[in-house]
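Okay, structure first, notes after.
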Amino acid sequence: ILTNPNLFGPQEALTNVPKSRIKGVEAQVTVRPVTGLTLIAGGTFIDSEVTSSFQNYTILGTLSQFEGQSFPYTPRYQFVADGEYKFPLSSSLEGVIGGNVSYRSSTKAGFGTEAVLDIDSYTLVDARIGVAEPTGRWSVTLFGRNLTNAYYWSNVAKVGDVARRLTGEPVTYGIQLSAKM
């Protein structure tokens, strides 16, 4: 929230929202239908709203009425589904294959109705394959993140006279080595 931008331009200040409400629910289910297979699904629903008259400045310096608006960075829906299958390759080695899909609905990067504050919904798809020592002492995993190369941003901020968006990582591949001592 900004203080009066007339003298020095928009200046950030901590301001309490007079009255608001947040309602929501979160759930996660984990199932193991067969040996080695783990399936996880989870989701969140959040409904937030400023419930009283609240006039202040947006991060862009526009005087606005925020009553009825959702809280910034509060997507209404978030979902994730993950699956992983572990199977023996030998008496001292197991294979692991897995993947997940995550979704986040649109939200705003601040109070206000300016389109530059919009953070669009996005879906990410990741996958992994590897080998591990069965007791978990070490593992080697090849992974791919954002396999559809979705273009998305997770933050919008104003710096001086410029609004900038922090974009998410593009498609990324790598190898992860893990050891427990």
Side-chain angles (χ1 to χ4, degrees), residues 17 20-51 59 66 68-89 93-157 163-180:
V17 175
S20 61
R21 70 162 168 71
I22 299 175
K23 297 187 291 185
V25 63
E26 181 177 20
Q28 179 175 315
V29 175
T30 302
V31 295
R32 293 181 177 89
V34 295
T35 301
L37 179 62
T38 303
L39 302 172
I40 301 170
T44 303
F45 168 79
I46 298 176
D47 180 25
S48 67
E49 182 181 358
V50 175
T51 59
I59 67 170
F66 301 144
Q69 292 188 20
S70 297
F71 281 29
Y73 300 107
T74 310
R76 194 170 194 79
Y77 303 103
Q78 294 184 82
F79 300 106
V80 65
D82 186 273
E84 183 172 88
Y85 183 60
K86 293 181 179 182
F87 51 94
L89 294 173
L93 202 59
E94 71 180 5
V96 179
I97 188 167
N100 67 47
V101 176
S102 61
Y103 168 80
R104 192 182 88 169
S105 65
S106 63
T107 187
K108 296 287 243 177
F111 285 116
T113 58
E114 295 97 347
V116 72
L117 298 173
D118 292 348
I119 298 176
D120 296 334
S121 63
Y122 59 88
T123 302
L124 301 176
V125 178
D126 303 339
R128 59 197 179 274
I129 187 169
V131 294
E133 193 271 331
T135 64
R137 290 192 55 208
W138 63 266
S139 66
V140 178
T141 307
L142 298 171
F143 64 84
R145 296 188 184 119
N146 189 9
L147 294 176
T148 63
N149 202 26
Y151 178 77
Y152 67 100
W153 55 89
S154 59
N155 192 324
V156 178
R164 62 155 171 78
R165 291 183 170 145
L166 298 178
T167 58
E169 289 185 24
V171 63
T172 305
Y173 301 99
I175 186 167
Q176 180 179 352
L177 306 171
S178 174
K180 293 181 185 176

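Counting from 1, the numbers follow the sequence of the chain as shown.
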Let me have the donor-acceptor pairs involving side chains of residues 136-143, under 3.5 Å, with sequence neighbours excluded, atom names and distances please.
none

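Listed by first and then second residue, the salt bridge (Lys or Arg N to Asp or Glu O under 4.0 Å) pairs that reach into residues 74-83 are Asp47-Arg76, Asp82-Arg128, sequence neighbours excluded. Within the structure, side chain to side chain donor-acceptor pair (under 3.5 Å) pairs that include any residue of residues 116-126 comprise Lys108-Asp118 (at least two apart or interchain).
In this structure, the side chain of Gln69 engages the main chain of Gly112 through a donor-acceptor pair within 3.5 Å. At least one donor-acceptor pair under 3.5 Å links the side chain of Thr107 to the backbone N or O of Thr74. In this structure a side-chain-to-backbone donor-acceptor pair under 3.5 Å is missing from Glu49 to Thr51.
The aromatic rings of Phe111 and Phe71 stand perpendicular to each other, their planes meeting at an angle above 60°, with 30° marking the opposite boundary.
Distance check: Phe87 CZ to Leu93 CG gives 9.5 Å after rounding to the nearest 0.5 Å. Distance check, rounded to the nearest 0.5 Å: OG1 of Thr167 to CH2 of Trp153 gives 9.5 Å. If you take CD on Glu94 and OH on Tyr85, they are separated by 10.5 Å, rounding to the nearest 0.5 Å. Considering OG1 of Thr35 and NZ of Lys86, their distance stands at 13.0 Å, rounded to 0.5 Å. Atom NZ in Lys180 sits 8.5 Å away from atom OG1 in Thr135 (nearest 0.5 Å).
A pairwise comparison of heavy atoms in Ile46 and Pro75 identifies CB-O, 4.0 Å as the closest pair. Across Pro33 and Leu39, no two heavy atoms sit closer than the pair CG-CD1, 4.2 Å.
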Arg145 vs Leu124, test: side-chain contact (heavy atoms from CB on, under 4.5 Å). Steps then yes/no. CA-CA 8 Å; Arg145 296 188 184 119; Leu124 301 176; over 6 Å; no
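By the neighbour-count criterion of 12 heavy atoms within 6.0 Å, atom CZ of Arg21 is densely surrounded, having more than that number from other residues, nucleotides or ligands. Applying the 6.0 Å contact sphere to CD of Glu133 captures more than 12 heavy atoms from other residues, nucleotides or ligands.
At a threshold of 4.5 Å between non-hydrogen side-chain atoms, the residues Asn146 and Thr172 do not count as touching. Between Tyr73 and Asn155 there is a side-chain heavy-atom pair separated by less than 4.5 Å. Residues Val80 and Gln78 are not in side-chain contact: their nearest non-hydrogen atoms beyond the backbone lie 4.5 Å or more apart.
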